[in-house]
Amino acid sequence: MDIYLPIAEVSVNAPLLVALGALVGFISGLFGIGGGFLMTPILVFLGIPPAVAVASMSNHVAASSMSSVISYSRKRSVDFRMGGVLAAGGAVGSVAGVEAFRWLRLLGQADLVVALSYLVFLGIIGGLMFWESAGAILRRRRNAPEPPRRERRPPWLYGLPLKLRFPRSRLYISVIPPLLLGAFVGVLSAIMGVGGGFVLVPAMVYLLRMPASVVVGTSLFQIIITTALTGVLQAGRNQTVDIVLAALLLLGGVLGAQFGARASARFRAEELRALLALLVLLVGLRMGLGLFFTPHEPFVLMSGNG
Amino acid sequence: MPASLPPAMTPAPHAPAVSAALTETNVRVNSDFRGDRIVLYGAVFDPLSRPSDVVVIVRGPDQPVRIARKSRVAGVWINSRPVVFQGAPGFYIAASTRPLDDIARFGELRRLEAGVDHLAMNAPAEQTTETRYGVRDVVVSRLGADYLDWRRAVVRLKTAEHLYDVDEHGVRFVDKGLFRAEIPLPAEAPIGQYTVRILLFQAGQPVAEKDRTLTVEKVGVERGLYLWAHRRPWSYGLAAMAFALGAGWAASSAFRRD
């Protein structure tokens, strides 16, 4: 059963899209991530114009984050104040990202920047995660003790002005690092069509030193606000949001996420992290290494009429 | 648009003529649109029954083409500046009874824009760079010695997307003087007014022609969403996001476990 997407202007197989949405939803529920980094490349591979895929993913990511943030907020594991500061940075970042993406498309370099961003960010994050989780697995096998966690927070976090109290995170820090972090994730969300959880979560743990219990919920809260803004901006500036596409993905994604969340209880945390790291690395390499091979077709048509 | 025939050749006695009709003049693009086949029937009227060839050219609305060439910079393949070709049709098929080169000479085909190699994609003769939408150095021009490579690449890539085609046996005579052509229209075909030009050739000369129009339009929900997204993009964006957030909220309540 094929369905014609009104904005993408291509015909796609609807059950296939729902199934892919469910698969990515399952993975996102399993690992507690948005899954945008996986879905956007798949959509492009299926022949959906990259600009439409990136923009429509904002709606999809906002919706799936919305469905999970509610349960986190019931467990009081969302730091709304920290989320708000991150989102304020995210708003600036997403405006800048949408404009940058528009400009890159006109220059004809959007594909290059998207591919490089995937290679660099997924490569670094996936590599670090794999290193950390493989170490944890090896230590457990050898029954070695956990390395003592450095509780001392980096001094630069405290030297900066504009300090604010974040009671739920038990932090009293400057708002500048979270603002910058939010802005960076906002740009990524506009350019890569991702929520940015894969950058936010490690940064909140290792840079801001937030307690692990509030990290995922707060990151989801910030992602909702940033992607909601990105989605509206993409629709308003570039007319590239396909609501039919987002709805199809959502249908499968919501179901898949619920099963994924249940399945995650059966695995150890470090094994899940190692698996996720491999997945992240694989996607990054798949997207980025194409840049280094001699293309079969030296010419490429640019989408959009510029 | 391609040049028309000189009017002088119509009124002669025993002049051949051609007529044709599309079985469908409106292609309606709705949610289950997967492409279509346009069927055309026509007749050749020639009292002297001279050997005839028919060429059917279906041409979609013109769309400027932006194309870039990949080149290697520091080990990485990156796109060059995009080059804009004006006057390229968004869709083009030339169907004929025989290969076009056997029907008429190069000059005639070029004048009639019959065949993908003869499309008048007019990149202006002199090298000019313009500033467009704030981007400097967009080349809208002839590309020196490489010009043909670029032109062929446009045709090759459009052909790969099923948007350009040449069907050397797409027109068949089904009876004396009666011909039939079938034009595949892919799901990617652009929306808009198409022209269908039916040309009658005798002894290498175009002797009669007929134009028909074909409309490809979105209908129903697809049309509503498309127009909304393009005419009122901000309200569409807000509504789409409200729908997405609402759907996420509804899903979480549906799966609430406590």
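In the text below, chain A, chain B and the rest are named by the order of the sequence lines, each starting its count at 1.
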Among [options], which residue has the highest count of heavy-atom pairs closer than 4.5 Å to chain B?
{"options": "A/G47, A/A63, A/A55, A/A247", "answer": "A/A63"}
{"options": "A/V241, A/L251, A/L5", "answer": "A/V241"}
{"options": "A/N238, A/V69, A/L250, A/L233", "answer": "A/L233"}
{"options": "A/G231, A/A228, A/A246, A/G236", "answer": "A/G236"}
{"options": "A/P298, A/S65, A/A115", "answer": "A/P298"}

Intermediate values then yes/no, side-chain contact (heavy atoms from CB on, under 4.5 Å), A/V300 and B/I67: CA-CA 6 Å; A/V300 58; B/I67 182 170; over 6 Å; no

Nearest atoms (heavy-atom pairs only) where A/S67 meets B/A251: CB-CB, 4.3 Å

Tell me the closest heavy-atom pair linking B/A229 and A/Q239, and the distance in Å. O-CG, 3.2 Å

Is [X] close to chain B through its backbone or its side chain, or both, or neither, when contacts mean heavy atoms under 4.5 Å?
{"X": "A/T227", "result": "backbone"}
{"X": "A/I224", "result": "side chain"}
{"X": "A/L112", "result": "side chain"}

Quick one: does any side-chain atom of [X] pair with a main-chain N or O of [Y] as donor and acceptor, under 3.5 Å?
{"X": "A/E9", "Y": "B/E188", "value": "no"}
{"X": "B/K218", "Y": "A/P6", "value": "yes"}
{"X": "A/Y4", "Y": "B/G35", "value": "no"}

[X] portion near chain A, given a 4.5 angstrom heavy-atom threshold:
{"X": "B/R72", "value": "side chain"}
{"X": "B/V65", "value": "side chain"}
{"X": "B/V29", "value": "side chain"}

Going from [atom1] on [X] to [atom2] on [Y], what distance comes out if it is rounded to the nearest 0.5 angstrom?
{"X": "B/F33", "Y": "A/S11", "atom1": "CZ", "atom2": "OG", "result": "8.5 Å"}
{"X": "B/K70", "Y": "A/L291", "atom1": "NZ", "atom2": "CG", "result": "7.5 Å"}
{"X": "B/Y226", "Y": "A/D242", "atom1": "OH", "atom2": "CG", "result": "11.5 Å"}
{"X": "A/F292", "Y": "B/W77", "atom1": "CZ", "atom2": "CH2", "result": "12.5 Å"}
{"X": "B/R34", "Y": "A/N13", "atom1": "CZ", "atom2": "CG", "result": "8.0 Å"}
{"X": "A/I7", "Y": "B/L225", "atom1": "CD1", "atom2": "CG", "result": "6.5 Å"}

Run A/Q109 and B/N79 through side-chain contact (heavy atoms from CB on, under 4.5 Å) and show every step you take. CA-CA 6 Å; A/Q109 302 301 344; B/N79 294 339; 4.0 Å; yes

Heavy-atom distance under 4.5 Å between the side chains of [X] and [Y], does that happen here?
{"X": "B/V83", "Y": "A/F299", "value": "no"}
{"X": "B/W234", "Y": "A/R237", "value": "yes"}
{"X": "B/R156", "Y": "A/E297", "value": "yes"}
{"X": "A/N59", "Y": "B/M241", "value": "yes"}

Is the number of heavy atoms from other residues, nucleotides or ligands within 6.0 Å of [atom1] ([X]) greater than 12?
{"X": "A/F80", "atom1": "CZ", "result": "yes"}
{"X": "B/R28", "atom1": "CZ", "result": "no"}
{"X": "A/R286", "atom1": "CZ", "result": "no"}
{"X": "B/R110", "atom1": "CZ", "result": "yes"}
{"X": "B/H162", "atom1": "NE2", "result": "no"}

